[in-house]
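Input: a single structure, listed below in structure tokens.
Predicted model, so just to flag it, every value in this text is computed and none were measured. Naming: A, B, ... by sequence-line order, numbering from 1 per chain. Values below: all heavy atoms of this structure, side chains included; hydrogens, waters and symmetry mates excluded.
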Amino acid sequence: MIRTHGAGQLTAHNAGDTVTLAGWVARRRDHGGVAFIDLRDATGWSQIVIHDENVAGALRAEWCISVTGKVSLRPDGNANENVPTGAIEVICDQLTVLSEAAPLPFPIDSGERVDANEEVRLKYRYLDLRREGPAAALRLRSKITTTIRAVMEGEGFLDIETPYLTRSTPEGARDFLVPVRLQPGSWYALPQSPQLFKQLLMVAGMEKYYQIARCFRDEDFRADRQPEFTQLDVEMSFIDQEDILTLTEKILQKLWKEVLGIEISTPIPRMTFLEAMRRFGSDKPDLRFEYELVEVTEYFANTEFRVFKAPYVGAVVMPGGASTPRRELDGWQEWAKARGAKGLAYILIDATGEVTGPVAKNISESERAGIAAKVGANPGDAIFFAAGERDESQKLLGAARLEIAKKCNLIPDHMWEFLWVVDAPMFEPTDNGGWTAVHHPFTGPKPEFAATFDKDPANALAYAYDIVLNGNEIGGGSIRIHQREIQQRVFDVIGLTREEAQSKFGFLLDAFNYGPPPHGGIAIGIDRVSALMAGVESIREVIAFPKTASGGDPLTGAPTPITPAQRKEAGIDKSEKLEKSEK
RNA sequence: GGCCCGGUAGCGCAGUUGGUUAGCGCGUCGCCCUGUCACGGCGAAGGUCGCGGGUUCAAGUCCCGUCCGGGUCGCCA
């Protein structure tokens, strides 16, 4: 090592020691005869005192330097209690410029509070990551993955890698495709997840598999979505749902304990999918605040108001919402329309308990009289209604609930509300009247639906579970189908012929001819978990080199066009062979 | 793919009903400064106003198109 100590590790105990530090010029305070340089490295920073004007005057921000000198206690009254190394300083004896830095595109360590915009930060991500916040986010993520590996190792899991160049998996997202030079016209797909491989590993008798795996999906972006992202992927044999939930809770408990020093109480509460939809209008309820949905279909069973003559009528209360300005109430209508609804009916309960608002005059005297009590609204509140199909209306109210929480600041800081959402439907209707698997087609039915799921797909429940944190789905999994007969009936329900199934993932079905064990697993989104634990808004903050919303990387400039020669060599334009699997 | 917001000096921003030479802070560069810690003082440089077209005597400002970034709905486990 060309240094003896970390710049952030020096304390009063080091006083008198001669040390050599190496790092970057963070801030400099040049007084002419004496200058102070904050020298920063990965451990923190220390103040360097330089008495030679020529040495100090030449230094610039972010030059890489090494300094040898004696650690001394700062003169009386000059200690800085706000920083760990504030008691001491290093009197520079010898300073070596290891490398110089060009003028910076944005402030790194100047003490400026202003932030550069994200695109500039990403273009110079190597400078961005010298900054305290971004660096801390990556350090936190490293601690997360390290902790996970320790838990998995302790539980006897095998870390097994699976291919990145593979064939399309049937999970529904668009694949990233890779041309194959040796077989012009044929393409690899990057895996959307290691789903099929981990099931093959169960057939192979590995019994306990995990991987911190990169996954690829060619879909549009969000703040919490990237085209490549990372999952903790887990699969186990000879287990039941309870085993997966217990293991997952152990991982989460250890993570929060080790990384944040927070105790999570287990078992984590559970809620069925239907209950989540009924009470929160979401398959990933945010339990950090109340104001649950209230169904009022019965209450308005005999209403004269046409809008409320619907299969489902529900309500959600906005505390203090009665004083919402008209313009904002109109804004809610726009908000609802943007979600594909016709609008969002509302009534206002004024301070005296009087019911007002455009809908008020459409409902009867008695309906007006009891509605506040029915939905738990107080004077001064607003009540929003959705009426229509149950599922759609609940989702609209669920979204409204979240919007209300945001507007009214109902979400407390520093709360970690975990929840298992279990018993999701196995199938959902497709646009053309058929059925499709909600998870993926290898998800088993709950045992009590094993005999009936194909006769009554609408009501069949899947042996699946999602782990939710503060309204974010951070992972999910299922107990898989290991019986050929049940698998075939699932394919029948979703309208997949034997030939199609065979050509898409015949290799898995073949494997299942050879004594597949009962198995199941889960996948946890590492990016999202890291972002939540780091307290940052976007998963881009916990990814070293993330991409922008159009899939670009401002740093490398990827993606780029390819040359005609590359194009030819890759075989992209070769007339395609007759692909056996057409997705 | 739809909708919303944004793009003005290296960075963060202001720029009025269209009107003279487009401003402010930070940074940069030069000079000065022996106890600062967002050090301070004096001075200077730095701009295709994202790009293209249009309206106008006149466009950073209005209109159309387009590119880029962010968000959101669709999509996506």
* Determine whether the side chains of A:W332 and A:E403 contain a donor N or O and an acceptor N or O closer than 3.5 Å. => no
* Structure fact -> B:U56 -> Watson-Crick or G-U wobble partner, both distances under 3.5 Å, gives none
* Round to a whole Å and report the spacing from CZ of A:R27 to P of B:C37. => 11 Å
* **N or O in side chain of A:R29 less than 4.0 angstrom from B:C39 OP1/OP2** => yes
* Asked: Which nucleotide in the list B:A77, B:U36, B:C76 gets nearest to the side chain of A:V438?
  -> B:A77
* Separation of B:G10 P from A:I108 CD1 (nearest whole Å) -> 17 Å
* Asked: Got a second to check how far A:D423's CG is from A:K446's NZ, nearest 0.5 Å?
  -> 3.5 Å
* Is there a side-chain contact between A:R141 and A:T230 (heavy atoms, below 4.5 Å)? -> yes
* Could you give the distance separating B:C32 and B:G69 at their C1' atoms, to the nearest angstrom? => 43 Å
* Asked: Closer than 4.0 Å, any side-chain N/O of A:R222 to the OP1 or OP2 of B:C73?
  -> yes
* Among the candidates B:C73, B:C33, B:U28, find the nucleotide nearest to the side-chain atoms of A:H31. => B:C33
* Asked: A:P75 near the nucleic acid: base, sugar-phosphate alone, or nothing, with a heavy-atom cut-off under 4.0 Å?
  -> base
* Structure fact -> 5'-most contact on RNA chain B (nearest-nucleotide basis), A:V49 vs A:F229, goes to A:V49
* Side chains of A:Q47 and A:T85: donor-acceptor distance under 3.5 Å anywhere? -> no
* Does a distance-only test, which skips hydrogens and angles, find a donor-acceptor pair under 3.5 Å between the side chain of A:R225 and the base of B:C75? -> yes
* Euclidean distance, atom CE of residue A:M426 to atom P of B:A77 [Å, nearest integer] -> 17 Å
* Asked: Between A:A61 and A:I91, who's closer to the 5' end of RNA chain B by nearest nucleotide?
  -> A:A61
* To do: Nearest whole angstrom, please: distance from the C1' of B:C33 to the CG of A:D52.
  => 16 Å
* Quick one: is A:R60 getting a side-chain N or O under 4.0 Å of the B:C29 phosphate, OP1 or OP2? -> yes
* To do: For A:I37 and B:U34, give me the distance from atom CD1 to atom P, rounded to whole Å.
  => 16 Å
* To do: Would you tell me if any nitrogen or oxygen in the side chain of A:N78 comes within less than 4.0 Å of OP1 or OP2 on B:U36?
  => yes
* **Inter-nucleotide C1' distance (B:U56, B:G18), Å rounded** => 9 Å
* To do: Pick the P atom in B:G70 and in B:C26, then give their distance to the nearest Å.
  => 30 Å
* Calculate the interatomic distance between A:N80 atom CG and B:C37 atom P; express it in whole Å. => 9 Å
* Counting side-chain heavy atoms from CB outward, which of B:U72, B:A77, B:U36 is closest to A:Q192? -> B:A77
* Asked: Which base sits across from B:G40 as a Watson-Crick or G-U pair, both distances under 3.5 Å?
  -> B:C32
* Closest listed nucleotide, where the reference is the side chain of A:E89 and the choices are B:U36, B:C29, B:C37 -> B:U36
* To do: Indicate yes or no for a side-chain donor-acceptor contact from A:E249 to the backbone of A:I268 under 3.5 Å, with no hydrogens or angles considered.
  => yes
* Asked: Using the P atom in both, what is the distance from B:C63 to B:U16, to the nearest Å?
  -> 14 Å
* When the P atoms of B:C64 and B:G23 are considered, how many whole Å apart are they? -> 30 Å
* To do: Would you confirm whether the ring centroid of A:F449 sits within less than 6.0 angstrom of the ring centroid of A:Y463?
  => no
* To do: Decide if the gap between the ring center of A:Y164 and the ring center of A:Y188 is smaller than 6.0 angstrom.
  => no
* To do: Check whether the side chain of A:R217 and the base of B:C76 form a donor-acceptor pair under 3.5 Å.
  => no
* Distance, rounded to the nearest Å, where A:L127 contributes CG and B:G27 contributes P -> 17 Å
* To do: Tell me yes or no: between the side chains of A:R480 and A:S478, is some donor less than 3.5 Å from an acceptor?
  => yes
* To do: State the pairing partner of B:G12; accept Watson-Crick or G-U wobble contacts with both distances under 3.5 Å, and report none otherwise.
  => B:C24
* Asked: Roughly how far apart, to the nearest Å, are B:G60 and B:G15 at atom C1'?
  -> 8 Å
* Would you indicate whether the side-chain heavy atoms of A:D109 and A:R40 approach each other to under 4.5 Å? => yes
* Asked: Atom CG of A:L293 and atom CZ of A:F280: how far apart are they, to the nearest 0.5 Å?
  -> 8.0 Å
Do any N or O atoms of the protein come closer than 3.5 Å to N or O atoms of nucleotides 66-70 of chain B, and which pairs are they?
{"residue": "B:C68", "atom": "O2'", "partner": "A:E119", "partner atom": "OE2", "Å": "3.3"}
{"residue": "B:G69", "atom": "OP1", "partner": "A:T548", "partner atom": "OG1", "Å": "2.8"}
{"residue": "B:G69", "atom": "OP1", "partner": "A:S550", "partner atom": "OG", "Å": "2.8"}
{"residue": "B:G69", "atom": "OP2", "partner": "A:S550", "partner atom": "OG", "Å": "2.7"}
{"residue": "B:G70", "atom": "OP1", "partner": "A:A549", "partner atom": "N", "Å": "3.4"}
{"residue": "B:G70", "atom": "OP2", "partner": "A:A549", "partner atom": "N", "Å": "2.6"}
{"residue": "B:G70", "atom": "O3'", "partner": "A:R540", "partner atom": "NH2", "Å": "3.1"}

* Is there a stack between A:F36 and B:U36, judged by ring centres under 5.5 Å and planes under 30°? -> yes
* **P gap between B:G52 and B:C42, integer Å** => 40 Å
* **Rounded distance (Å) that lies between atom C1' of B:C39 and atom CG of A:L59** => 16 Å
* Structure fact -> Partner of B:G6 under the Watson-Crick or G-U wobble criteria, both distances under 3.5 Å, comes out as B:C68
* Asked: If you measure from the P atom in B:G71 to the same atom in B:U61, how many Å do you get, rounded?
  -> 27 Å
